[in-house]
> 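Supplied in structure tokens, the structure appears directly below.
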Protein chains: 2
Amino acid sequence: MSDGAIDVIEKEAGAEPRNGERRRGIDRVIMLLEALLRHRAPMRVGDMAKMIGAPRSTTYEIVNSLLEAEMLENVGSEGYVYFGRAMHLFGWAYSHHNAHYRRIIETLDRLAAETGETVQLCGLRGNKYVVLDCRDSPGPFRISSDVGVEVPIPWTASGRLLLGHMNEEQLRDFIPAGDYKLPDGRIIAQAEFFADIATAGQQGFSETAALADRFTWCMAAPIQDGHGAINRTLCFVLPVDTPEPRRSELLALLRERARGLSLAGD
Amino acid sequence: MSDGAIDVIEKEAGAEPRNGERRRGIDRVIMLLEALLRHRAPMRVGDMAKMIGAPRSTTYEIVNSLLEAEMLENVGSEGYVYFGRAMHLFGWAYSHHNAHYRRIIETLDRLAAETGETVQLCGLRGNKYVVLDCRDSPGPFRISSDVGVEVPIPWTASGRLLLGHMNEEQLRDFIPAGDYKLPDGRIIAQAEFFADIATAGQQGFSETAALADRFTWCMAAPIQDGHGAINRTLCFVLPVDTPEPRRSELLALLRERARGLSLAGD
DNA sequence: ACACTATGTCTGAAATACCAGACAAACTAA
DNA sequence: TTAGTTTGTCTGGTATTTCAGACATAGTGT
């Protein structure tokens, strides 16, 4: 745990508070929750303080307030803290507040139950791709992923659909240069990526094989809103070695369901 | 404006609400989110301000901060605001952070898929009962309920299990007198309720027929933690007219699954 | 034993976040 | 039109919150 060199992570890129700057409690809360989400595991108050660059005393006060509100909760007995029950309730309220989202969730459930495969609902968050919800396939060796984790758009099948409305110039501005580099070091050529986007838009689906990792075959189909825009995709995450007939069967099913969820627009 | 429809949430936990006093932003945030949860629908900023008893200017500032963080989001174009995407992500992180909860969710999914009935995970929040998660039965006429809504404990089957560790005196202190009154005006006798609790604890399940409403038969089974305490229940919400054989079949299934989720303890 | 580091709580003091209230603009109803 | 309401924004002043730092205690490693 203790590294030799004591590099307290100087806050990442951009405007950071001058030494001895004061911040609002609200902003601290927001930073803290986002830090916790990125970290994806219970943290101790001291580490949170470092992560968000806040004084320890302040952090304790904030954390205690949030604990009392059940927005955070103690995990274990060693001072670790993570999201609390209230968050679950707020989040649930969010995802059910409109009928369209509810239909999407039901479809997700049905697709998962019928096929036994991992199904995801995806979208964008800023200039990254995120899994908004998912149903993991059952069985001991599932391929699964965490909701809320941000991934470079070019790594994903869904990303190729979600960017369909942009022209090349917009795309160049939108996607950070580093995001073309895959985890294994390969680089995706911009021209190829742009061509993929065009193709995906035309055929109304997108597939990637062993792109972000070696063992998955992803297929995505667009959910269109009332104006024909694509903000969400439905997608299957399959083992790469899934045989072709099964794949096309699943793709057809996915496209049909995604079309069923698209709003009026036609 | 007539404030008939809007209840003011006086802050319960923490500092006392002296009239016209200054409050911290954090506390305002907490009150605001709780108010929004209770209201269960998008609200306008002005109404929120009234609900939490905050000045409008302050409320605008807070809401804008939360909007920027995606903890809230605009709904429609008329200034309505509701929970945002970040809440969904936080909530998802909460409900998956520990393996036990994940197992519970899987069981919920399986139970719903196998039986086609409405299944719920229930617990306490303060001195009220809440549905923590649920899977609604499919079909046009489902019996469903909202996650996060608080209900008086005596109205519920699960409540009878969740209070099993309390003696009569503690129960009397814990449950507000008004909570014995059912929506249709009937009053549950305390003695009877206490007896129900004892019975539920002995038999390891609890059932209620047409209690909180006229059309549901509820059955609940306890999930025990490592110390044998009951913090959660699994429960079916059935139509009252479900035939007896089907009911006992479901009850057996429910008890078996809940037992499977209970932790080592013995 | 020692030296170090981290936790959780308190305190005084100053920077500022919150509040009251004003304002223009939009909307409603007569 | 007028009169009344509500929305969203802005400003100045001050009551309060954030901050730095100290402290006792607990844990870790040599």
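Values in this document were obtained by computation on a predicted structure and should not be read as measured data. Just so we're on the same page: letters track the sequence lines, and every chain starts at 1.
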> For Glu68(B), does the CD atom sit with more than 12 other heavy atoms under 6.0 Å from it, leaving out its own atoms?
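It does not: Glu68(B) CD has 12 such atoms or fewer within range.
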> Measure from OH on Tyr60(B) to C1' on dA24(C) and round the result to the nearest Å.
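For the pair Tyr60(B) OH and dA24(C) C1', the rounded distance is 14 Å.
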> Between Gly25(A) and Gly79(A), just flag the one whose closest nucleotide in DNA chain C comes earlier from the 5' side.
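It is Gly79(A) whose nearest nucleotide is closer to the 5' end.
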> Would you kindly give the CZ-to-P distance between Arg24(B) and dA15(D), to the nearest whole Å?
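Atom-to-atom, Arg24(B) to dA15(D), this comes out as 19 Å.
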> Check the distance between dT7(C)'s C1' and Met43(A)'s CE and give it to me in whole angstrom.
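Checked: the CE to C1' distance equals 15 Å.
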> Over its full length, what angle do the end axes of the helix from dA1(C)-dT30(D) to dA30(C)-dT1(D) make, each axis taken from five pairs and the result rounded to 10 degrees?
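End axes: 50° apart.
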> Taking CG from Asp27(B) and P from dA17(C), how many angstroms apart are they, rounded to a whole number?
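For the pair Asp27(B) CG and dA17(C) P, the rounded distance is 16 Å.
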> Using whole Å, what does the distance between atom P of nucleotide dC18(C) and atom CD1 of Ile62(B) come to?
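Rounded to the whole Å, the gap is 6 Å.
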> Write down the distance between OH (Tyr80(A)) and C1' (dG27(D)), rounded to a whole number of angstrom.
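Atom-to-atom, Tyr80(A) to dG27(D), this comes out as 13 Å.
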> Please check the phosphate of dC19(C) (OP1 and OP2 only) for any side-chain N or O of Thr58(B) closer than 4.0 Å.
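Checking Thr58(B) against dC19(C): at least one side-chain N or O falls below 4.0 Å of OP1 or OP2.
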> Of the nucleotides dT7(C), dA20(D), dC19(C), which one has an atom closest to the side chain of Arg56(A)?
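Closest nucleotide to the Arg56(A) side chain: dT7(C).
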> Starting at the 5' end of DNA chain D, which residue's closest nucleotide do you reach first, Glu61(B) or Val45(B)?
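On the 5' side of the pair lies Val45(B).
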> Do Arg40(A) side-chain atoms and Leu36(A) backbone N/O form a donor-acceptor pair below 3.5 Å?
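Answer holds: no.
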> Nearest whole angstrom, please: distance from the P of dG8(C) to the CG of Asn74(A).
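Whole-Å distance recorded here is 9 Å.
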> Quick one: does any side-chain atom of Thr59(A) pair with a main-chain N or O of Pro55(A) as donor and acceptor, under 3.5 Å?
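It does hold such a pair.
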> Looking only at atom types and distance, does a side-chain atom of Thr156(A) sit under 3.5 Å from a main-chain N or O of Pro152(A), one as donor and one as acceptor?
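Checked: no pair found.
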> Can you measure Arg28(B) atom CZ to dC19(C) atom C1' for me and round it to whole angstrom units?
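Spelled out: CZ on Arg28(B) to C1' on dC19(C) is 9 Å.
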> Asn64(A) side chain: which of dT18(D), dT9(D), dT9(C) is closest?
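The answer is dT9(C).
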> Given dA20(C), dC18(C), dT7(D), identify the nucleotide with an atom nearest to the side chain of Ser57(B).
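Of the candidates, dA20(C) comes closest.
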> Donor-acceptor pair, distance only, cut-off 3.5 Å: does the side chain of Arg232(A) make one with the backbone of Leu162(A)?
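No, because the side chain of Arg232(A) does not come within donor-acceptor range (under 3.5 Å) of the backbone of Leu162(A).
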> Out of dC19(D), dA6(C), dA20(C), which has the shortest distance to the side chain of Pro55(B)?
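The listed nucleotide nearest to Pro55(B)'s side chain is dA20(C).
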> By salt bridge (Lys or Arg N to Asp or Glu O under 4.0 Å), which residues pair with Arg24(B), not counting sequence neighbours?
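Arg24(B) satisfies salt bridge (Lys or Arg N to Asp or Glu O under 4.0 Å) with Glu61(A), Asp27(B) only.
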> Side chain of Lys50(A), heavy atoms from C-beta onward: which of dA6(C), dT18(D), dG8(C) has the nearest atom to it?
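Of dA6(C), dT18(D), dG8(C), dA6(C) is nearest to the side chain of Lys50(A).
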> Among dC19(C), dT7(D), dC19(D), which nucleotide sits nearest the side chain of Arg23(B)?
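From the listed options, dC19(C) comes nearest.
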> Tell me if the centroids of the rings in His96(A) and Trp92(A) come within less than 6.0 Å of each other.
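That pair passes the under 6.0 Å test.
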